[in-house]
Amino acid sequence: MARTHLISQVGPDLEGQEVGLAGWVYRYRDLGSVIFIVLRDATGIIQAVVRSEEVDPNSWEAAKKADVEASVKLAGVVRLDPRAPGGVEIRVTRASLVGESPDFPIKKDTGVEFRLDKRHLDIRSRRMWAALKIRAEFIAGLREWFDSNGFVSVEAPTFVSAAVEGGATLFELNYFGRKAYLTQSSQFYLEAAIFTFEKVYTIQPSFRAEKSRTRRHLTEFWHAEAEMAWHDLDAMMDVAEALVDHAVQRVYENRKEELEILGRKFEPPQRPYPRISYDEAIDIAQSKGVQIEWGDDMSTEAERAVSLEFDRPVFVYRYPKQAKAFYHAPDPARPEVVLCADLLAPEGIGEIIGGGQRIHSYDELVARIREEGLRVEDYEWYLDLRRYGSVPHAGFGLGVERTVRWIAGIPHIRDAVAFPRTPTRLTP
RNA sequence: GGCGGGGUAGCUCAGCUAGGUAGAGCGCCCGGCUGUUAACCGGGCGGUCGUGGGUUCGAGUCCCACCCCCGCCGCCA
């Protein structure tokens, strides 16, 4: 029995024609001498009708055993019928069972935790299918933009010997008897690579050993990072905006069906994205009744208040120095703030990008490391980048799952990735 | 790390305030059904009530300790 078509190719135009399909049983309804099998493949779903008097005994027996998520091959004639979901179905002429599926664990009335325990099976669901296709499209859009705008992709190591940001929590591991860590950002490696390629990017996981139990946090998340020589803060925001816009547009153009399945009514935001200062953001938050003082880092509540003021992503730039990591370049005109910017997604989603201009002077960088109480010797190779041909540069990191969560309207970040890692989840 | 919620059948939950023979829906198993839409109809199986201790004639229910899970905040992408 040959597979002649993918399900998405079976439409009204094929009425009366015999097709061979292969896939998995999405729904199964046995009425005695007629069986309805809703078949799923990578491309879509379609109803198949098996009638006892229309198929040979072997096919009938196969259809009887085609439980939910069994793999099957079906041959049949395409028919239009208003009673079929989508209006098109196939009248089965032959059926064979490829792999049985006795008592598939995921049924109706399953809770969030149970489905996460069975995530290796739950990714077969329409909901996860749609979310993961949107994610893949978004990542392809990021890569497409970088590749066509002069960026070279550079991969950084996952095993590292020291922190990028002092204070942030690292996963420690034993590296042949030495302490090593899982990377929390590829930034320092990308900074090294700008001296080779000027504009570089990477899309790879970062790890944070923070017990953050929220809808915005994973312990392992995919991090799209870019670093650009000869760029200042404004140029960095230009890059980030163009990148996000491109990838978002691509998802919007190519993943309409998937957004529909998720019930997401999404319109790509208009450019330009507003750019406001930290000072203005604090004013907005305070005017909305948020308890926050100049000098505090933006709280989740403050970010939400600010992002809800705009119908598109908004950059917040020039935070107080004490709220940001040591490598951020101070504003020469106002040394108490640094040349950084975060991009807040709309609808209260919050931060999806963090970045800014880096300190490129050796002396300044050493002074800031000492000021933060960090050990200069931990940053020896990083300091070399300021010893040899240092240039002004800037970069940023984008949280892939956070951005996908916004685009697809996914309530919890764990559903923006196939196999999420959270403080309590290591399986599957 | 702080605050809040929760752990009872394979799954989703009720029962706890006022201690008295452990329940429902779904699933599963068996049977029926020629147009179902996570079908429907009939029957059946199924639980050391998170763990340990205490009070009591009697504890899922009250008390103590512990473990685990979920959400929010902090931290960040």
Side-chain angles (χ1 to χ4, degrees), chain A residues 25-38 40 45-54 67-69 79 81-87 89 91 102-118 125-127 164-170 184-187 203-225 240 244 291 296-304 319 323-325 342-345 349-355 396-406 411-414 416-417 422-425:
Chain A
V25 177
Y26 182 65
R27 296 283 184 267
Y28 182 80
R29 290 181 280 273
D30 182 348
L31 277 63
S33 30
V34 59
I35 297 168
F36 294 89
I37 292 172
V38 180
R40 169 183 74 75
I45 61 174
I46 193 170
Q47 175 165 283
V49 186
V50 192
R51 290 171 179 277
S52 58
E53 77 276 13
E54 293 178 358
D67 299 312
V68 169
E69 288 304 326
R79 290 168 47 103
D81 193 313
R83 295 170 296 186
E89 65 183 19
R91 184 64 72 91
D103 203 9
F104 191 72
I106 299 175
K107 313 179 193 309
K108 62 179 172 181
D109 291 333
T110 49
V112 171
E113 280 304 295
F114 182 79
R115 293 177 88 97
L116 283 166
D117 289 341
K118 306 290 181 192
S125 68
R126 292 284 277 172
R127 196 178 105 264
V164 169
E165 317 194 2
T169 332
L170 291 158
Q184 57 188 178
S185 167
S186 301
Q187 178 189 324
I203 302 174
Q204 62 180 97
S206 284
F207 304 85
R208 305 275 166 95
E210 296 156 353
K211 289 188 176 171
S212 304
R213 314 179 47 84
T214 78
R215 290 175 290 180
R216 308 182 304 282
H217 292 270
L218 294 167
T219 52
E220 175 176 8
F221 67 97
W222 278 69
H223 209 174
E225 295 177 272
V244 170
Q291 291 293 315
D296 297 340
D297 199 0
M298 295 276 290
S299 64
T300 298
E301 192 187 1
E303 277 186 4
R304 190 170 295 126
Y319 282 61
K324 291 290 173 181
D342 287 353
L343 183 64
L344 308 184
I349 291 289
E351 187 176 350
I352 57 172
I353 284 180
F396 61 89
L398 174 148
V400 169
E401 290 83 6
R402 284 187 178 182
T403 312
V404 169
R405 180 178 167 235
W406 160 53
H412 199 295
I413 194 169
R414 64 188 165 215
V417 60
T422 63
T424 54
R425 183 158 295 281

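So that the names make sense, note that chain A is the first sequence line, chain B the second, and so on, each numbered from 1. None of these values were measured; they are calculated from a predicted model.
- Look at CE on A:Met298: it is 15 Å from C1' on B:G74, rounded to the nearest Å.
- When heavy atoms are screened at a 4.0 angstrom cut-off, A:Phe114 is found touching the sugar-phosphate backbone but no base atom.
- If you take CD1 of A:Ile37 and C1' of B:U36, they are 12 Å apart, rounded to a whole angstrom.
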Step-by-step side-chain hydrogen bond (donor to acceptor under 3.5 Å, both in side chains) determination, A:Ser125 to A:Arg115
CA-CA 10 Å; A:Ser125 68; A:Arg115 293 177 88 97; 4.6 Å; no
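- Considering only the side chain of A:Arg414, B:G71 comes nearest among B:G74, B:G71, B:G27.
- Across all strands, A:Ile106 comes closer than 4.0 Å to no nucleic acid atom at all (heavy-atom distances).
- The number of heavy-atom neighbours closer than 6.0 Å to CD of A:Glu53, taken from other residues, nucleotides and ligands shown, is above 12.
- The base of B:G35 sits with one of its N or O atoms less than 3.5 Å from a complementary donor or acceptor on the side chain of A:Arg91.
- One finds a side-chain N or O of A:Arg216 lying less than 4.0 angstrom from the OP1 or OP2 phosphate oxygen of B:C73.
- A close approach under 4.0 Å does not occur between any side-chain nitrogen or oxygen of A:His217 and OP1 or OP2 of B:G74.
- Separating the CG atom of A:Asp103 from the C1' atom of B:C29 is a distance of 10 Å, rounded to the nearest angstrom.
- Using a 4.0 Å cut-off between charged side-chain N and carboxylate O, A:Glu113 and A:Arg425 make a salt bridge.
- Within 3.5 Å, a donor on the side chain of A:Glu89 pairs with an acceptor on the base of B:G35, or the reverse.
- The NZ-P distance, from A:Lys211 to B:C72, rounds to 18 Å in whole Å.
- Below the 3.5 angstrom threshold, one finds no donor paired with an acceptor across the side chain of A:Thr214 and the base of B:G71.
- Under 3.5 Å, the side chain of A:Arg29 and the base of B:C33 form no donor-acceptor pair of N or O atoms.
- Put simply, CZ on A:Arg425 is 15 Å from C1' on B:G71, counting in whole angstrom units.
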